[in-house]
J.: 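Please see the structure below; I have some questions.
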Amino acid sequence: MEFFCYHRDRPGSLALRLELAEAHWSYMDRFAKELIARGPTFADDGETPTGSVHIVDLPDPAAARAFAFDEPNYQAGVYRDVLLRRWRNLLGRTMWDFPGDPGDRFLVLGLGSAPAADLDVPSGRDDLIAYGPLLSDDGAAWLGTAALVQAPGPDAARAVLTREHYAAVEVHRWQFGGRR
């Protein structure tokens with residue numbers, strides 16, 4: 001069962017985040033085989049961390065909640081909130097299998113408001129690193145779409161989703177994370 005987890009940083013928590021970097025990486029290293037994608041998000045300056053994305057394959061929603069809420073940065077108060085949703089890996093690969101060259105990368109979150117949208121991988125999008133629907137815990141209800149995409153800028157990244165089908169579309173600078 002695949003899950004999308006986005007921990008959003010609490011304002012003013014950068015020093016604590018930096019202090020806990022090794023604890024965070026060590027925790028994530030325990031899930032190396034289960035991770036589909038991981039990495040920090042950044043403010044528009046491309047340098048100030050704003051959150052942490054983890055897409056992980058775990059046995060059930062309880063294991064996913066434990067993964068998200070036992071994480072050292074969460075436990076210490078680095079994060080202000082957590083978005084945790086079932087997710088479906090429509091590309092069938094991990095970020096480490098992405099064939100693209102290094103470039104600007106983004107997290108695109110579409111939070112659903114209408115009938116399910118963007119349920120298939122968009123054609124002609126070789127820039128997709130990860131792509132799939134956000135789902136309810138039981139996997140039955142579509143709640144939105146999450147994509148990791150390489151793009152020349154935020155507007156190009158946002159274009160991966162059909163904007164009018166979402167209550168909100170968020171775009172965050174993102175980079176590959178971890179020690180791999």
Side-chain angles (χ1 to χ4, degrees), residues 1-10 13 16-17 20-42 49-98 105-113 116-121 128-149 160-161 166-180:
M1 228 175 257
E2 298 153 335
F3 295 88
F4 175 87
C5 181
Y6 182 35
H7 292 93
R8 296 174 195 260
D9 285 14
R10 181 176 48 83
S13 65
L16 184 56
R17 177 191 253 274
L20 293 171
E22 180 57 36
H24 168 77
W25 291 332
S26 293
Y27 181 80
M28 290 302 156
D29 288 347
R30 295 173 25 204
F31 296 93
K33 291 181 180 176
E34 291 85 7
L35 284 166
I36 295 165
R38 70 185 280 191
T41 58
F42 295 92
T50 59
S52 194
V53 172
H54 298 94
I55 303 175
V56 63
D57 190 353
L58 294 169
D60 54 46
R65 282 189 289 281
F67 169 84
F69 297 113
D70 290 345
E71 195 277 336
N73 286 345
Y74 179 82
Q75 289 293 311
V78 171
Y79 303 130
R80 70 177 172 129
D81 60 51
V82 180
L83 172 64
L84 179 62
R85 293 287 179 227
R86 285 270 305 270
W87 187 76
R88 188 171 306 122
N89 186 356
L90 295 183
L91 298 178
R93 65 176 184 225
T94 72
M95 71 179 203
W96 298 278
D97 300 322
F98 176 64
R105 294 175 176 162
F106 299 87
L107 162 64
V108 181
L109 281 175
L111 305 176
S113 67
D118 297 322
L119 295 176
D120 296 316
V121 176
L128 293 175
I129 299 163
Y131 185 89
L134 298 169
L135 305 166
S136 59
D137 277 357
D138 65 4
W142 175 85
L143 304 173
T145 305
L148 298 173
V149 60
V160 75
L161 299 182
Y166 297 90
V169 176
E170 301 176 14
V171 178
H172 306 271
R173 292 189 178 281
W174 173 80
Q175 72 179 29
F176 280 23
R179 295 194 252 231
R180 286 188 183 202

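Atom set for the values below is all heavy atoms of this structure, side chains included, hydrogens, waters and symmetry mates excluded.
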J.: Who pairs with Arg10 by side chain to side chain contact (heavy atoms under 4.5 Å, CB included), at least two apart in sequence or on another chain?
T.: Ser13, Leu16, Arg80
J.: Is there side-chain contact between Pro61 and Met1, with at least one heavy-atom pair below 4.5 Å?
T.: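 Yes, their side chains come closer than 4.5 Å.
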J.: Name all residues meeting the side-chain hydrogen bond (donor to acceptor under 3.5 Å, both in side chains) criterion together with Thr41; count only those two or more places apart in sequence or in a different chain, and write none if there are none.
T.: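 Counting only residues at least two positions away or on another chain, Thr41 forms a side-chain hydrogen bond (donor to acceptor under 3.5 Å, both in side chains) with Tyr6, Thr50.
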J.: Going by ring pair (Phe, Tyr, Trp, His ring centres under 6.0 Å), name the residues that satisfy it together with Phe42, two or more places apart in sequence or in a different chain.
T.: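 In terms of ring pair (Phe, Tyr, Trp, His ring centres under 6.0 Å), with neighbours along the sequence ignored, Phe42 is linked to no residue.
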J.: Among all residues two or more places apart in sequence or in another chain, which pass the side chain to side chain contact (heavy atoms under 4.5 Å, CB included) test with Ala117?
T.: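 Counting only residues at least two positions away or on another chain, Ala117 forms a side chain to side chain contact (heavy atoms under 4.5 Å, CB included) with Trp142, His165, Tyr166.
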J.: Is the closest side-chain heavy-atom distance between Phe31 and Leu58 below 4.5 Å?
T.: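 Result yes, sub-4.5 Å side-chain heavy-atom pair found.
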J.: Measure the shortest side-chain to side-chain distance between Asn89 and Asp57 over non-hydrogen atoms and say whether it is less than 4.5 angstrom.
T.: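 In short, these two side chains do not touch, never coming nearer than 4.5 Å.
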J.: Side-chain donor-acceptor contacts of residues 170-177 below 3.5 Å, not counting sequence neighbours, with atom names and distances?
T.:
unit_1	atom_1	unit_2	atom_2	d
Glu170	OE1	Arg8	NH1	3.0
Glu170	OE1	Arg8	NH2	3.0
Glu170	OE1	His172	NE2	2.8
Glu170	OE2	Arg8	NH2	3.3
Arg173	NE	Asp44	O	3.4
Trp174	NE1	Gly39	O	3.3

J.: What I'd like to find out is whether the side chain of Thr145 reaches to under 4.5 Å of the side chain of Tyr131, using heavy atoms alone.
T.: yes
J.: For Tyr79, check side-chain hydrogen bond (donor to acceptor under 3.5 Å, both in side chains) against everything at least two apart and list the hits.
T.: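 Per chain and number, Tyr79 pairs via side-chain hydrogen bond (donor to acceptor under 3.5 Å, both in side chains) with Asn73.
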J.: Residues in side chain to side chain contact (heavy atoms under 4.5 Å, CB included) with Ala168, at least two apart?
T.: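 Once residues adjacent in sequence are excluded, Ala168 has no partner under the side chain to side chain contact (heavy atoms under 4.5 Å, CB included) criterion.
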J.: Can you find a pair of side-chain heavy atoms, one from Val78 and one from Pro72, that are under 4.5 Å apart?
T.: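 No, too far: nothing below the 4.5 Å cut-off.
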J.: Flag the pair Ser52 / His24 as yes when at least one side-chain heavy-atom distance between them is below 4.5 Å, and no otherwise.
T.: yes
J.: What residues form a side-chain hydrogen bond (donor to acceptor under 3.5 Å, both in side chains) with Arg17, not counting sequence neighbours?
T.: Asp9
J.: Counting C-beta onward and ignoring hydrogens, is there a side-chain heavy-atom pair between Trp87 and Leu134 closer than 4.5 Å?
T.: yes
J.: May I ask you to decide if Leu35's main-chain N or O and His54's side chain share a donor-acceptor pair within less than 3.5 Å?
T.: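 Between the backbone of Leu35 and the side chain of His54 there is no qualifying donor-acceptor contact (under 3.5 Å).
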J.: With sequence neighbours excluded, give me every salt bridge (charged side-chain N to carboxylate O under 4.0 Å, His left out) pair touching residues 128-143.
T.: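 Sorted pair list: Arg65-Asp137.
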J.: Go through the structure and list residues passing side chain to side chain contact (heavy atoms under 4.5 Å, CB included) with Ala21, not counting sequence neighbours.
T.: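 Residues passing side chain to side chain contact (heavy atoms under 4.5 Å, CB included) with Ala21: Trp25.
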J.: Of all residues at least two apart in sequence or in a different chain, which pass the side-chain hydrogen bond (donor to acceptor under 3.5 Å, both in side chains) check with Asp29?
T.: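 In terms of side-chain hydrogen bond (donor to acceptor under 3.5 Å, both in side chains), with neighbours along the sequence ignored, Asp29 is linked to Arg179.
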